[in-house]
> 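There's a structure below that I have some questions on.
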Protein chains: 2
Amino acid sequence: MMDNSVGFSEPNPHSACGHHVLGDDCRFCSIRRLSICSALDQEELSFLEGMSGDSVFEEKSTLFREEDESISVYNVTSGVVRLVRSLPDGRRQITGFALPGDFLGLALQKQWKFSAEAVTDVKACRFKRSTFDDFSEQKPHLMKRMHEFATHELSLAQDHMVLLGRLTAEEKIASFLMVMKRRWTRVEGHELGLIRLPMGRQDIADYLGLTIETVSRVINQMQRDRRLVIVPDGIRFIDAAYFEQHAIA
Amino acid sequence: MMDNSVGFSEPNPHSACGHHVLGDDCRFCSIRRLSICSALDQEELSFLEGMSGDSVFEEKSTLFREEDESISVYNVTSGVVRLVRSLPDGRRQITGFALPGDFLGLALQKQWKFSAEAVTDVKACRFKRSTFDDFSEQKPHLMKRMHEFATHELSLAQDHMVLLGRLTAEEKIASFLMVMKRRWTRVEGHELGLIRLPMGRQDIADYLGLTIETVSRVINQMQRDRRLVIVPDGIRFIDAAYFEQHAIA
DNA sequence: GCCCTCCTTTGATTTGCATCAATGCTGTCG
DNA sequence: CGACAGCATTGATGCAAATCAAAGGAGGGC
């Protein structure tokens, strides 16, 4: 719908990295097509832009904590965020990684139910929750879009439950790599030879319900078996068919 | 808001079990307060009632399969439904149990993403998806209510991920029992000494990412340790403090 | 009542992943 | 450059839960 000319990955007039600098001009937002904003027309976009501001979070910083009140909601525009649930004794489960285009704040509640931590430097479009809620209350198609996002998340959550409850370590890793490949391809707009893994091994472990040692062992075994090569910032598939076969969902 | 006099659990004129017989009269629906319908006013309720029909599914029957088109959506009014994701090789993960008041069909998509199977005899209020979608499209507060349900589900899904990824067998069982206690109390409107477990051990295992043997062993060990007693159709806590302490989330 | 089926329990054994324990690698800062 | 910090890798060992294997109920049909 409407202006679809935003798919460029060349640098645009507004930023050096090829991604939009927010609070700036939604028309040049390279991840708009992926985001909740794609439900909006030009006028609504302008209005929303007026009430947005941009946030920058540096690597390892915290966007918000589980126990915090959710004063703002965010649209990630660049970088990667890990969504974390922690137990009192320090065990943690990463419930997801937010990539550009992902929205944080779907729940219409005052309190966050998870922490969000910047895995890399992160840019996000920020809205005051109360203003955003009022706006979505008046825009049924925005509410619908948020609902679609929520039910999509729910379906992903169910995939993840299958992974956590029923897959072996090898299947977990293979599935994770396939998912990351698919997601990056969608975000970048085209397939890269490389599968970016900006998160550390410990994060992968906490996402898959494994230990760091097991993640390391399995990935390195896959390399020894010539299924993939480990490269800086990620991995590269050698035997794509192997992953197609072992990844579930 | 509006009529809140529906909280009775005494038999009502419409059914012997104290639960509403559907397609009948929403005004007497004992689970309305728990369901999506609580967002509706009298007029909307009447309209919705006109487009609803009631379904009865007997124990072990299938409401719908993962691969089916979702022609109808359901509001469970009595009984328990298991929501299942299956792998090609037969492994399964139960992603949730639907109890009275729970809605099946939040996703605005044509295809189910999971199977639904009656654990007990089940009654449900059925709506034609297309009609229901049209209606919710025109009723922003119904859409909002569905969105609230979806984000609540999402939060429960995250709880479940922590459970599957990071808890021990003992913690999983303790958490499961606490959750069932809470949920039944909400549905029944008052606390029962008994915690109903209408699902079999295999279902509990597939919900918790364990084997049937482990579920059996842990529960029986808890009985030997005088934490609970196993009774027909469920269990009864002896040492409630133990469960408060070991259940997570 | 008795058999048959289905589900649950219990026991013996195995195993996949965790844990414990170094060692290696990379980047950075004095 | 060398030391240190912060991951990642690798190896040795342990253990929780899976698997394999029977044996118990409980309910239903004849």
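Sequence lines set the chain letters: A, B, ... in the order given, protein chains first and strands last, and positions in each chain run from 1.
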> Using distance alone, with no hydrogens and no angle criterion, decide if B/Ser115 and B/Arg65 have a side-chain donor and acceptor under 3.5 Å apart.
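Their side chains do not contain a donor-acceptor pair, so the 3.5 Å distance test is not met.
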> C/dA18 P sits how many Å from A/Arg91 CZ, rounded?
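Rounded to the whole Å, the gap is 13 Å.
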> Expressed as a whole number of angstroms, how long is the span from A/Leu163:CG to C/dC17:C1'?
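In whole Å, C/dC17 C1' lies 15 Å from A/Leu163 CG.
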> Atom CG of B/Leu167 to atom P of C/dC17: distance rounded to whole Å?
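Going from B/Leu167 (CG) to C/dC17 (P), I get 18 Å.
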> What is the distance, to the nearest angstrom, from the CG atom on B/Asp233 to the C1' atom on D/dG25?
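After rounding, the reported distance stands at 16 Å.
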> Are any of the side-chain nitrogens in B/Arg91 or B/Asp206 under 4.0 Å away from the carboxylate oxygens of its partner?
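Salt bridge between B/Arg91 and B/Asp206, a charged N being under 4.0 Å from a carboxylate O: no.
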> Taking N or O atoms only and anything under 3.5 Å, show me the protein contacts with nucleotides 6-12 of chain C, one pair per line.
from   : atom 1 : to       : atom 2 : distance (Å)
C/dT8  : OP1    : B/Arg201 : N      : 3.0
C/dT8  : OP2    : B/Arg201 : N      : 3.4
C/dT9  : OP1    : B/Arg201 : NH2    : 3.4
C/dT9  : OP2    : B/Arg201 : NE     : 2.8
C/dT9  : OP2    : B/Ser216 : OG     : 2.9
C/dT9  : O5'    : B/Ser216 : OG     : 3.1
C/dT9  : O5'    : B/Asn220 : ND2    : 3.3
C/dT10 : OP2    : B/Arg224 : NH2    : 3.2
C/dG11 : N7     : B/Arg217 : NH1    : 2.8
C/dG11 : O6     : B/Arg217 : NH2    : 3.2
C/dA12 : N6     : B/Arg217 : NH2    : 3.4

> Donor-acceptor check, side chain of B/Asn220 to backbone of B/Ser216, threshold 3.5 angstrom: yes or no?
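Side chain of B/Asn220 to backbone of B/Ser216, a donor-acceptor pair under 3.5 Å: yes, one is there.
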> Whole angstroms only, please: what is the CD-P distance between A/Glu170 and C/dG16?
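From A/Glu170 CD to C/dG16 P: 11 Å.
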> Can a side chain N or O of B/Thr211 be found less than 4.0 Å away from OP1 or OP2 on D/dA18?
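Checking B/Thr211 against D/dA18: at least one side-chain N or O falls below 4.0 Å of OP1 or OP2.
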> Considering only NZ, NE, NH1 and NH2 on the basic side and carboxylate oxygens on the acidic side, decide whether B/Asp68 and B/Lys113 come within less than 4.0 Å.
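The answer is no: the pair does not qualify as a salt bridge.
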> Expressed in angstrom and rounded to an integer, what is the separation of A/Glu59 atom CD from C/dG27 atom P?
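Value for this atom pair: 13 Å.
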> Without decimals, in angstroms, what is the distance between B/Leu210 CG and D/dT19 C1'?
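Rounding to the nearest Å, CG of B/Leu210 and C1' of D/dT19 are 14 Å apart.
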> In this structure, how many angstroms lie between the P atom of D/dA18 and the CG atom of B/Leu208, rounded?
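B/Leu208 atom CG is separated from D/dA18 atom P by 10 Å.
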> Just checking A/Tyr74 against A/Phe103, ring centres under 6.0 Å apart?
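That pair fails the under 6.0 Å test.
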> Ignoring hydrogens and geometry, is there a side-chain-to-backbone donor-acceptor pair from B/Glu170 to B/Val218 under 3.5 Å?
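Pair absent, no side-chain N/O of B/Glu170 close to backbone of B/Val218.
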